[in-house]
Amino acid sequence: MDIQPRVLVIDADTAALTSVASVAEEEGFCVSTAMDADGAMRQCRVAYIDLVLIDARGDRTSAADALSSIRTFKPSVRAVVMDTPLGPDRLHSLLARLRCQSYHTLPD
């Protein structure tokens, strides 16, 4: 019996949320979605989550709040933060707020 990894996709943009969730499902993940921190917490209460894919492009404070809330409930959850290119100071500030231990950036 194969157990599908569970992914929670968080994005306030409905089109982006649907797109990322569809790709994750096609890759074999069991996907839950949320548009904000409250929705993310509801999903975490009803299902074990292996990975969080979270958009920080719009409101970085909301992304930080959502991930912080999730980690209060599930401290060991892994997260991938999707964001537009930032300067080094803004990048490090965002990573500190999200308590990221490592990161990777993709070239433009």
Side-chain angles (χ1 to χ4, degrees):
M1 178 172 141
D2 289 332
I3 298 176
Q4 290 178 293
R6 297 192 61 88
V7 175
L8 172 59
V9 180
I10 307 169
D11 198 320
D13 179 321
T14 305
L17 180 73
T18 303
S19 178
V20 171
S22 293
V23 170
E25 286 174 346
E26 288 173 9
E27 292 298 319
F29 293 95
C30 182
V31 178
S32 299
T33 61
M35 296 185 75
D36 56 26
D38 291 338
M41 286 305 297
R42 281 191 297 275
Q43 293 297 327
C44 286
R45 285 187 181 104
V46 299
Y48 180 83
I49 302 297
D50 295 299
L51 176 68
V52 175
L53 300 176
I54 186 168
D55 172 43
R57 288 173 287 203
D59 184 351
R60 289 175 180 81
T61 302
S62 294
D65 290 346
L67 192 52
S68 179
S69 295
I70 292 166
R71 285 195 169 146
T72 299
F73 191 67
K74 295 187 183 287
S76 63
V77 73
R78 302 267 180 146
V80 173
V81 179
M82 302 172 285
D83 202 334
T84 55
L86 300 172
D89 292 339
R90 291 178 62 204
L91 175 63
H92 291 287
S93 174
L94 175 64
L95 294 173
R97 282 200 324 265
L98 296 176
R99 294 186 292 143
C100 290
Q101 298 170 347
S102 64
Y103 67 93
H104 179 76
T105 58
L106 300 175
D108 292 338

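Along the sequence shown, the residues carry numbers beginning at 1.
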CD on Gln4 to CD on Glu27, rounded to 0.5 Å: 12.0 Å
Side-chain donor/acceptor of Asp50 to backbone N/O of Arg6, under 3.5 Å: yes
Donor-acceptor under 3.5 Å (Ser22 side chain, Thr18 main chain): yes
Ile70 CD1 to Gln43 CD distance, which is reported to the nearest 0.5 Å: 10.0 Å
Nearest heavy atoms of Ala34 and Gly39, plus distance in Å: CB-C, 3.4 Å
Criterion side chain to side chain contact (heavy atoms under 4.5 Å, CB included) on Leu8 and Val77, from CA distance to verdict: CA-CA 10 Å; Leu8 172 59; Val77 73; over 6 Å; no
Gap between atom CG of Asp11 and atom CG of Asp36 - 0.5 Å precision: 11.5 Å
Contact summary for Ala37 and Ala66, nearest pair of heavy atoms: CB-CA, 3.6 Å
Single-linkage hydrophobic cluster Val80~Val20, side-chain heavy atoms < 4.5 angstrom: yes
Nearest non-hydrogen partners of Thr33 and Ala21, listed with the distance: CG2-CB, 3.8 Å
Approximate separation, where rounding is to 0.5 Å, of Ile3 CD1 and Cys30 SG: 11.5 Å
Side chain to side chain contact (heavy atoms under 4.5 Å, CB included) partner of Val7, the single match among Ile49, Leu53, Val52: Leu53
Nearest heavy atoms of Met35 and Leu17, plus distance in Å: CG-CD2, 3.9 Å
